[in-house]
Amino acid sequence: MSRARAHRAGTVAGPGVPERIKWHTAARLLGLLLPLKWRMAGVIAATCAFVTLNVAAPKVLGDATDVVVDGFLGGSLDEQQLAERLLAVSAMYVGASLFSWIQGSLTATAVQRLSYGLRGSVEQKLHVLPSSHFEEQRRGDVLSRATNDVDNISQALNQLLNQLIMSVLMLSAALAMMLWLSPLLALIAVLSVPVSTVITVLVARHSQAHFKEQWSSTGALHAQLEEFFTGHEVVKAFGRQEESAASFRERNEKLTRSSTRAQYLSGIVQPLLVFVANLNYIAIAVVGALQVTAGLLTIGGIQAFVQFSRLFSQPVSQIGGMLTLVQSCLASAERVFELLDAPEIPADSAVPAVAANGAGKLRGATAARKFHVPRKSSNGRKPPAPPTPGDLLDPGAVAGRVTFEHVSFSYSPGTPVVKDLSFTVDPGQTVAIVGHTGAGKTTVVNLLMRFYELDSGRILVDSTDIATIPRDELRRAFGIVLQDAWLFTGSIRENIEYGRPGATDADIVAAARASHVDQFVRSLPAGYATMLGNDGDSLSRGQRQLVSIARAQIAGRNIMVLDEATSSVDSRTEVQIRHAMEQLRQGHTSFVIAHRLSTVRDADLILVMDHGRIVEHGTHQQLVARRGLYKDLYEAQFAGREQVPAVRKAEQ
Amino acid sequence: MLIGLMSRLLSAHKGTVLAIVVLQLVQATANLLLPTLNAAIIDDGIIGGDTGEILHLGAWMAGIAAVQVITAVAAGYLGAVVAMEIGGQLRGELFAKVQSFSSQEVSAFGAPSLVTRATNDVAQIQNLAVLVFIMLIAAPAIFIGGIVLAVHQDVVLSWIVVVVIPVLTVIMTVIVRRLIPLYRQGQGLLDRIGRVLREQIIGANVIRGFVRQDHEVRRFDEANKDLTRNNLQSALLVAAMMPMIMFVVNISSVFVVWFGGHRIDAGEMRLGALTAFIAYILQILIAIMMAMYVFMTAPRAAACAERIRAVLDTEPAIADPAVPAGSAAAPAGGAADAGATDRSGAVEFRNVSFAYPGAEAPVLDGVSFTARAGTTTAIIGATGSGKTTLLNLLPRFLDATAGEISIGGDNVRAMPLDVLRGLMAIVPQQSYLFADTVAENLRLGAPAASEPELWQALEAAQAAEFVRALPLGLETPVSQGGTNFSGGERQRLCIARALLKRAPAYLFDDSFSALDYGTDVRLRAAIEPLLRSATVLIVAERVSTIVDAGLILVLEGGRVVAQGTHRELMESSPSYQEIAASQLVLEEAP
């Protein structure tokens, strides 16, 4: 229940179209229209009215034609009767158009409301999803569900709701009229349905393979282009243009071939359906004519029948086309519903079960692993009183004592990341977290800020179990600076203000000064109003991190979580970052993901991470004396300067 | 934009396009002939009571329907072929163009955007071409054919058709004109939604950390409302357009019966014409709808065409010299006969500047230095001081906007690009590896290298150990971009790759940064003898990497503020001292 890891197993559906219609998904999608039921009732009523009028009109027009025929055969035209009938037809057409307009407008508003709501609920869901959804490898999937799939649903629904109801009703009404006019001709018209269906299915089955091939060669070409374009300097530097052009040509030709086949095969459906419709038309014309000569039908009747058969065959081919649309819409809906159904972060008010089940576990190992920061561990703090749910933490008054008690945690079952970890950090102390790139150094931060929930044990801030503090309250005690300095689209000022909404200009400049931001911002032409682009690319990485430090600075929190700069930052900017971070740490309990020897050596507690696990902890002296991983790490990593340029995968 | 692009692409397929047009004309005419024959059935068959004639005409109709389906299928086939070939051609052109681009142009567009243009955007153009061939070409044929046949049936009644067409055209033009900008705006709003979501997903922990979820929900809601408003507007327009069109068409059939009835009564028109007319109007309506559908998809394709044209119309700033090296045009001519291998790699920069077009400040400003063969020249400076730019000028990934650069005494601009680039082995800042095996990646610069040679290079690059530890060794597949190797491993593989390419000059762009101190030292010691006779240019961050360099350039704001050896600079250059001091602060080396 509260295990974030439960979602990791969540299926990541491929882009393929499901073979069958998923009725429960369809039902749920329709269920979204429930709040709009009156509107939808209006849509159906208007459609019914439209269809009735639209179907009745040709019949009356046919009657009008018969008046003309009678006049032609009988000698004089009954103008009065003709006028009456034509006026009736005109009135019907006016009505039909009016209802069609009402139907269209109601559907449009319904679909837009639904899409608005769907987008909104997907976005709100993002804020209650466990952090595991936002790990690097899953982001793309979440993003594509939230954008592409929602968009696909909204577009498909617009078309489907407009056409599907209309088509079905039109089909049945036209069929009814035809049966009434001439059952024999109606039978001919109905015969065209299975023929059309068989053609569509056969061709679709045939073209499916080619479409698949087209998609796979598109994918292959895409990957190749990405590689060549991203690595174009390497290709050029080594004079490999010819080779890469040759392999591109090969894939391009393959794609062209497969897409031509797919396109041609799927394009053949339309002419074939037209052919069926035409044969149907001819059959009606001939058989109808024979019936007229036999006195079973009138000429006006044929004319009406021809119109009906068009009203009939048009929806038939439309429905065929809509089936593909339905399938792709449902595939998207399923993916979106999966996202919406993903287990959420447990509500704050719930008493966390882990607090209960953690108590009895692994007591035996405790003594050996229990670790206290030596300097102030003699304070002799009493064990904290059992927390009462809803214990309030005043973020402004947090002293900053952090205690881990027998904390165990794993991202996925069976591979413990943290096992029975206990330590205490006193206010103002610094914890350094060290390890190789990708060793899972953010884990402790994730637990501390409750981005993830513990499996067992508890974490106390001051003397309150953080599991009993509403998450947002808890997080208000933290100021964070991450290495991947996430800045959003907006001005520099807005990005700093993010830390404390409503901050005054003076506050912002003060924070910027303290963080070495002010000096470079002043040299920008637009100053604090400089807009940061998509990923804040108008600033260098170092500058972006300085801005994120200013953001944490202005937030004025009591416990700091900092990720030291490592990459693509020149040494002088790095010195500034370091100063700014030191300032930030001043007097606050800090958790630092450390890359700097000085930070590590002076830390009150060092947590050493390896392959996602905390393998050692202690002070610098203790750990060096231990001659374990830390010693190796220290020698390899900190004797020289680690500098890992993040090779950013240019995706999308 | 779109039309220009399309017509240029289609001009290569004139014959096929002509065939499609003819086939579509036949197909449309055949479709239109059916109501005409139906009219004949009524007039000659029913009125005349001639059952044989009815069947005879029916057989004719079936024959025409057969012709129609054959021509339509053939047109569809040719349409698919041409459309897809256009797509293939466009992709080929884009690829060739990007290959000719310099780094400046590639980064101006961005590699991901170029990929999108060559795939998605081209697909859009392709789809439009299919629609044009299947729908748009048929539409005027039906249009004109419908009018001709209507006139043929009855001249006087034809004015109804003549009136209906412009009325429909006006209605649609008015609405589509309002729709197109709305669609375009809608696309922008959709992008905005995507951007906000993207930021929220990537920045989830920051948002939670600062407890700004409410703010984000509001921010998204604004974008969502704007998008919904826009979509609603366009949907309402479409909802209004369809009934209007239907009304016009239906009313015109009422007029046909009314006026036709009178003309039949007066003996001026045949009875069958009445049914035929109603059928024609329907056909014309379908033609107009098809054309409209194409026009509605056109704006999207037009935007894609613009994006594609932007790439195709970009003149690569860097191209092979018009006249090959060694001719009179080469300022430093004379050494033309020297083969690439025994050329000297001495590099000289004379007063070189570089500025991006439109940028106020130059990236490099008046840089002059000489790197002699057999020496190492290092370039150091802050991020953004122009170090990488400087290095990129030599292989002409970028072209200097002023000044002169020569290698082995020849101006770099006077040499064909492949000859020039053949003179140097480069280790780029981004350690880029291709999706292939380790061995193939290494052989990029030396296709004929034997396995022992590969190991030798790996050994020197301190990469032999980890490659040997891989289960598949040299045959280990590398994932795209080399992401299955760590940053340091990638860097070492790139160095080995460069070492395999024997060249007079070696360029290392910040290539030791991901290595820990010990590896860095061992690596430099191992490659030193290999590069002894070559010209080596190194861009570096760490002072420790370059202490031994024969010449160090200190770059600041695009200018060389000092040059000399480490010892000289430690005495004379405040900037160099500052850099060294800041690293000392950070290192606190014992």
Side-chain angles (χ1 to χ4, degrees), chain A residues 64 68 71-72 77 86 89-90 93 97 100-101 104-105 108 112 116 119 123 126-127 134 139 143 146-147 222 225-226 229-231 234 237-239 248 252 256 259-260 263-264 267 271 275 278 282 285-286 289 292 303 472 475 480 486 488 570-572 575 598 636 639-640 643-644 650 652, chain B residues 38 41 45-46 49 54 58 61 65 69 72-73 76-77 80 84 88 91 95 99 111-112 114-115 118-119 194 197 199-201 203-204 206 209 211 213 220 224 228 231-232 235-236 239 243 247 250 254 257-258 261 264-265 275 382-383 418 426 432 444-445 487 513-514 516-517 582-583 588:
Chain A
V68 175
F72 176 69
L77 178 69
L86 288 182
V89 174
S90 306
Y93 278 137
S97 291
S100 156
W101 176 66
S105 307
Q112 291 310 322
Y116 171 79
R119 278 193 295 264
E123 190 260 351
L126 291 182
H127 297 295
F134 305 111
R139 283 177 186 170
L143 187 65
T147 54
H222 195 284
L225 284 177
E226 197 171 296
F229 289 177
T230 313
V234 178
F238 290 94
F248 166 80
N252 190 17
T256 307
S259 51
T260 305
Q263 177 57 45
Y264 168 61
F275 182 59
N278 276 338
I282 295 164
V286 172
V292 174
Q303 182 205 303
D472 287 352
R475 289 171 189 161
I480 55 173
W486 178 84
F488 67 90
D570 65 83
S571 48
R572 278 173 293 180
V575 171
S598 57
Q643 211 177 38
V644 185
Q652 309 199 356
Chain B
N38 188 20
I41 287 183
I46 300 177
I54 292 175
M61 283 175 88
V69 71
V73 166
Y77 174 69
M84 298 307 145
R91 283 191 295 269
F95 182 81
Q99 275 213 327
L114 285 172
V115 175
T119 51
L197 284 172
E199 286 182 357
Q200 291 187 352
I201 287 168
V206 175
V211 196
Q213 290 95 323
F220 179 82
N224 196 3
T228 306
N231 284 353
L232 188 60
L236 285 179
F247 179 72
N250 286 332
V254 172
V257 175
W258 174 251
I264 290 168
D265 190 43
T275 324
T383 310
D418 48 346
I426 302 169
Y432 201 88
L444 202 62
S513 57
D516 59 58
Y517 188 73
S582 70
Q583 287 182 11
E588 287 175 322

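Every chain is numbered from 1 and lettered A, B, ... according to where its sequence line falls, protein lines coming before strand lines. The basis for the numbers below is simple: all heavy atoms, side chains too, and nothing from hydrogens, waters or symmetry mates.
For the residue pair A/P271 and B/V69, the shortest heavy atom distance occurs at O-CG2, 3.8 Å. Closest non-hydrogen pair, B/T228 versus A/Q112, comes out as CG2-O, 3.7 Å. Between B/A239 and A/W101, the shortest heavy-atom contact is O-CD1, 3.5 Å. Annotation for B/R91 and A/N252: closest pair NE-OD1, 2.7 Å, computed over non-hydrogen atoms. Nearest approach of B/A235 to A/A108, heavy atoms of both residues: CB-CB, 3.5 Å. Nearest heavy-atom pair across A/T260 and B/M84 is OG1-CB, 3.1 Å.
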**OP:** Would you check, one step at a time, whether the test side-chain contact (heavy atoms from CB on, under 4.5 Å) holds for B/Y432 with A/T230?
**Re:** CA-CA 8 Å; B/Y432 201 88; A/T230 313; 3.5 Å; yes
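Contacts with chain A were tallied for B/V257, B/L114, B/I426; B/V257 has the most, counting heavy-atom pairs under 4.5 Å. Comparing A/F248, A/F275, A/F72 by heavy-atom pairs within less than 4.5 Å of chain B, the highest count is held by A/F248. Per-residue counts of heavy-atom pairs under 4.5 Å with chain B were compared for A/S97, A/A146, A/S105, A/G104; the largest is that of A/S97. Your options are B/G203, B/A118, B/G45, B/G76, and the one with the most heavy-atom pairs under 4.5 Å with chain A is B/G203. Considering only heavy-atom pairs separated by less than 4.5 Å from chain A, the leading option among B/T119, B/L236, B/V73, B/L232 is B/L232. Annotation: maximal heavy-atom pairing with chain B below 4.5 Å, among A/I282, A/V89, A/I480, A/V292, occurs at A/I282.
Counting heavy atoms from C-beta on, the side chains of A/V234 and B/L444 come closer than 4.5 Å. B/V254 places a side-chain heavy atom less than 4.5 Å from the side chain of A/Y93.
Put simply, CG on B/L197 and CZ on A/R119 are 9.5 Å apart, with the number rounded to the nearest 0.5 Å. Once rounded to the nearest 0.5 Å, the distance linking CG of B/N250 with OG of A/S90 reads 10.0 Å. To the nearest 0.5 Å, atom CD of residue B/Q213 and atom CD of residue A/E123 are 10.5 Å apart.
Residue B/Y77 places its OH atom among 12 or fewer non-hydrogen atoms of other residues, nucleotides or ligands, all under 6.0 Å distant.
The parts of A/Y116 that come within reach of chain B are both its backbone and its side chain, each placing non-hydrogen atoms under 4.5 angstrom from that chain. Heavy-atom distances place no part of B/D418 under 4.5 Å from chain A, backbone and side chain included. For chain A, the nearby part of B/I41 is the side chain; its heavy atoms alone come within less than 4.5 Å.
Residues passing the ring pair (Phe, Tyr, Trp, His ring centres under 6.0 Å) test with B/F247: none are found, sequence neighbours excluded.
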